[in-house]
Amino acid sequence: MNKVLFFAHLRDVVGAEFLSLDAAGKTVAQLKSELCEKYDLPRMETVMTAINEEFSSNDEVIHEGDEVAFIPPVSGG
Amino acid sequence: MNKVLFFAHLRDVVGAEFLSLDAAGKTVAQLKSELCEKYDLPRMETVMTAINEEFSSNDEVIHEGDEVAFIPPVSGG
Amino acid sequence: MNERYSRQVLFPGIGKEGQEKIRGKHVLIIGAGALGSGSAEVLTRAGVGRITIVDRDYVEESNLQRQQLYTEEDVLGKLPKAAAAEKRLRAINSDVEIRAIIGDATPELLEELAAGIDLMMDATDNFETRMVMNDVSQKYKIPWIYGACVGSYGMSFSIIPGKTPCLNCLLRTIPLQGMTCDTGGIISPAVQMVIAHQTAEALKMLVEDWESVRTTFVSFDLWRNQYTSLKMSKAKFAGCLSCGEERTYPYLDHENRTKTTVLCGRDTVQIRPSNQGEVSLEKLAGQLGSLGYQVKGNPYLLSVEMGPERMVIFQDGRALIHGTKDLTHAKSIYQRILG
Amino acid sequence: MNERYSRQVLFPGIGKEGQEKIRGKHVLIIGAGALGSGSAEVLTRAGVGRITIVDRDYVEESNLQRQQLYTEEDVLGKLPKAAAAEKRLRAINSDVEIRAIIGDATPELLEELAAGIDLMMDATDNFETRMVMNDVSQKYKIPWIYGACVGSYGMSFSIIPGKTPCLNCLLRTIPLQGMTCDTGGIISPAVQMVIAHQTAEALKMLVEDWESVRTTFVSFDLWRNQYTSLKMSKAKFAGCLSCGEERTYPYLDHENRTKTTVLCGRDTVQIRPSNQGEVSLEKLAGQLGSLGYQVKGNPYLLSVEMGPERMVIFQDGRALIHGTKDLTHAKSIYQRILG
């Protein structure tokens, strides 16, 4: 299983701080598009992804037990 | 073994962010007084102690693998 | 050493030598909103030799809740932010040479200013300007510090040319419709938290303590009690057009820039964003509606009342701002909503 | 709703209802130094109904590096901090009822002020006053938010009577010789970071979002890139004299208080701290010497030149401040060095 964390407005859309789901073997891009469909998440293509607190690109493969976090960059200032 | 972390000026006195030492079976108070003697640490009686990121009193017993942190309260403002 | 900086000189990370280095430096701050006014105040108090601050807006009532250099008098006087900031900064520290530039942070302006700048502070409210800063940073080898916030959420990352990944490595493209303070709201503690991180990194760079500069990407949510720092060692993208081997500095190029045009005789400005792409008009309408904006629309466009102006947004991100001929003002309105 | 607070009302954690609650509240800020001026500015901008701020010092040149409400003019005018703060806060937001009290935050004063106060912000520079705040908090059931910083290091903890542990649970006794900004230096980003945490918690409490209030003890070091938050569920001490069942509110008692006395005809004030105990004169001499103070001593006492005054410290923590008859000023000098 994988713990998937959502930050900022993504958390509001999903309705939870994290989800437990099985993402092992999937790429970050695959997980993003699945979540996009299920939760209607906005603008996932530019959301930063971390696996185990380390920045990861869209083609990184997720392993069993990895913690995935989605961190949307914001532009306010 | 135990990882023992030092914050603020304690880190300067010890000369390292953390030490690896064997503190299993000792109380927080015992570890404090041993470190006090060895490193001439100032005012350890009012330094806050955390075991595994949880506040701990002076008579708490440290277990194998516990991470201990010393966090000195400061008064500046 | 001046008594003024005595408490800072006492701090071992700075010391007398560090204070003299700070005194010799020139910092460019892009934006004089919440982050810009806060960073400018910290750096002015710290005794930076020269500070140049660029902003295109004037002080409005809704700024006072979080923009720390401004008062009610500045709102009444409709002062440009850069001018109001300069006035207050001089009263705080007459040792510091302050230069205020009232205008848009275009690539031309930033390239012109680049010579002699030691550090750029990000205090803008949109990604387009950040990408321009990012390219200028790489081209002229000037570090810059990204910072942004919305609601109780914020983030910061230090970018050092030749050493760290750059913003274009992380984002690869300008996010369309990033959250802004005008769409997600903002509380001032989140602003303060970003400023704390940005200015701590600034001081490290100004005293040239490169070892201490944070290498992680920090993000936090103060309302939800979250704080994370991400390792960025894998973030550098070899094919990056801003910092890679085949770099072209795409955001300094006229083609990749938001185009603003006054539509003849119509008191209207047309905005054509650099990152053309599908805008979800339906979602945007729902979002703006729930924020209290008056919104009308059909599947092809959305019309939003914004005070004296009216903005019409099309599916491809293009917009018309009715009720103004001022290009900079129109762009500012657009970026407030679409980031 | 006022346009002024529109961006804060947009934030879902506050909203219109929250803004009205903020408007109805009265916050007491103890201290108008770095933390106090920062917190006061954030809360004034946020539109708190009434703010009372207490401080005993006047604005000095060495304050300008980090104390955000003050200017060079305030230094020249030797204005009391509370008065200078009031002037600036009024210019920022004339909606807020500001009351400035120039004086020492004694137990008598705080007990007198307690009625009608919804929240106390800690912005003092010593543990003795914090312990008084802590007892007042427990006795009158007023939450307070501890905050402190030295160098690039800082911390914050929210204390809610009947719910969280109190400061006396954590410390059990007043730390003698805590680090202060006069002995360890301070950089302003560390101040901003504490303010960010304290004021975020303040807003949560003012809108009565008790679920979101942080329950952990936060500490950080911005120069060393550290951030920790400690769970505090085990910190409540049943035998605590401030919040336990057999409570006596020891710090409201005259016996447990620093005593100041003018020594007749000698232009000298004697300070007798509440927490009598061994002071390591040798260490203190080394520390003060390395900070540039002129120090002379023998095994029984230490003499330190401090501008126009001279302080003589004895092994038991007692001190004589030569060159003044002003009790409050003398205590302020003492606590700057001994915390």
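These figures come from a predicted structure and were not determined experimentally. Below, read A as the first sequence line, B as the second, and so on, with proteins coming before strands; counting in each chain starts at 1.
The candidate from D:G13, D:A46, D:P12 with the greatest count of non-hydrogen atom pairs under 4.5 Å with chain C is D:G13. Listed options C:G47, C:S229, C:G184 were ranked by heavy-atom pairs under 4.5 angstrom with chain D; first place goes to C:G184. Across D:P189, D:G151, D:S188, D:G185, the residue that shares the most heavy-atom pairs under 4.5 angstrom with chain C is D:P189. Per-residue counts of heavy-atom pairs under 4.5 Å with chain C were compared for D:V194, D:L64, D:I195; the largest is that of D:L64. When the candidates D:T216, D:V218, D:L203 are compared by the number of heavy-atom contacts under 4.5 Å with chain C, D:L203 comes out ahead. Your options are D:E73, D:E60, D:R66, and the one with the most heavy-atom pairs under 4.5 Å with chain C is D:R66.
Contacts of C:T215 with chain D are absent, with no heavy-atom separation under 4.5 Å from either backbone or side chain. Using a 4.5 Å cut-off between heavy atoms, C:E41 touches chain D through its side chain atoms alone. For D:S290, no part sits under 4.5 Å from any heavy atom of chain C, backbone or side chain. Heavy-atom distances place both the backbone and the side chain of C:I186 under 4.5 Å from chain D. Heavy-atom distances place both the backbone and the side chain of D:S94 under 4.5 Å from chain C. For D:L69, the part lying under 4.5 angstrom from a heavy atom of chain C is the backbone only. Only the backbone of D:Y70 comes within less than 4.5 Å of a heavy atom in chain C; its side chain stays farther off. Residue contact with chain C, scored on non-hydrogen atoms closer than 4.5 Å, involves the side chain of D:R88 exclusively. Residue D:Q67 touches chain C through its backbone alone, counting heavy-atom pairs closer than 4.5 Å. Proximity to chain D (any heavy atom under 4.5 Å) is shown, for C:L43, by neither the backbone nor the side chain. D:I187 touches chain C through its side chain: at least one heavy atom from C-beta onward sits under 4.5 Å away, while N, CA, C and O do not. Of the atoms belonging to D:V213, it is backbone heavy atoms, and not side-chain ones, that fall under 4.5 Å from chain C.
In terms of modelled atom types and a separation under 3.5 Å, the side chain of D:R45 and the main chain of C:Q68 share a donor-acceptor contact. A side-chain donor-acceptor contact under 3.5 Å links C:K25 to the backbone of C:L206. Without hydrogens or angle criteria, D:D74 side chain to D:L79 main chain gives no donor-acceptor distance under 3.5 Å. Checking side-chain atoms of D:E97 against main-chain N and O of D:I51 turns up no donor-acceptor pair under 3.5 Å. In this structure a side-chain-to-backbone donor-acceptor pair under 3.5 Å is present from D:E201 to D:R214.
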Item to check | Derivation and outcome, side chain to side chain donor-acceptor pair (under 3.5 Å), residues D:T44 and D:N93 | outcome: CA-CA 6 Å; D:T44 296; D:N93 194 345; over 6 Å; no
Item to check | D:Q226 vs D:F220, side-chain contact (heavy atoms from CB on, under 4.5 Å): CA-CA, chis, key distance, verdict | outcome: CA-CA 5 Å; D:Q226 293 176 314; D:F220 65 84; 5.9 Å; no
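Counted by atom type alone, C:T228 and C:S219 present one or more donor-acceptor pairs between their side chains at under 3.5 Å.
With rounding to the nearest 0.5 angstrom, the NZ atom of C:K283 is 13.5 Å from the CG atom of C:L288. Remark: C:R7 CZ to C:L10 CG distance equals 6.5 Å, nearest 0.5 Å. Once rounded to the nearest 0.5 Å, the distance linking OG of D:S158 with NE2 of D:H197 reads 10.0 Å.
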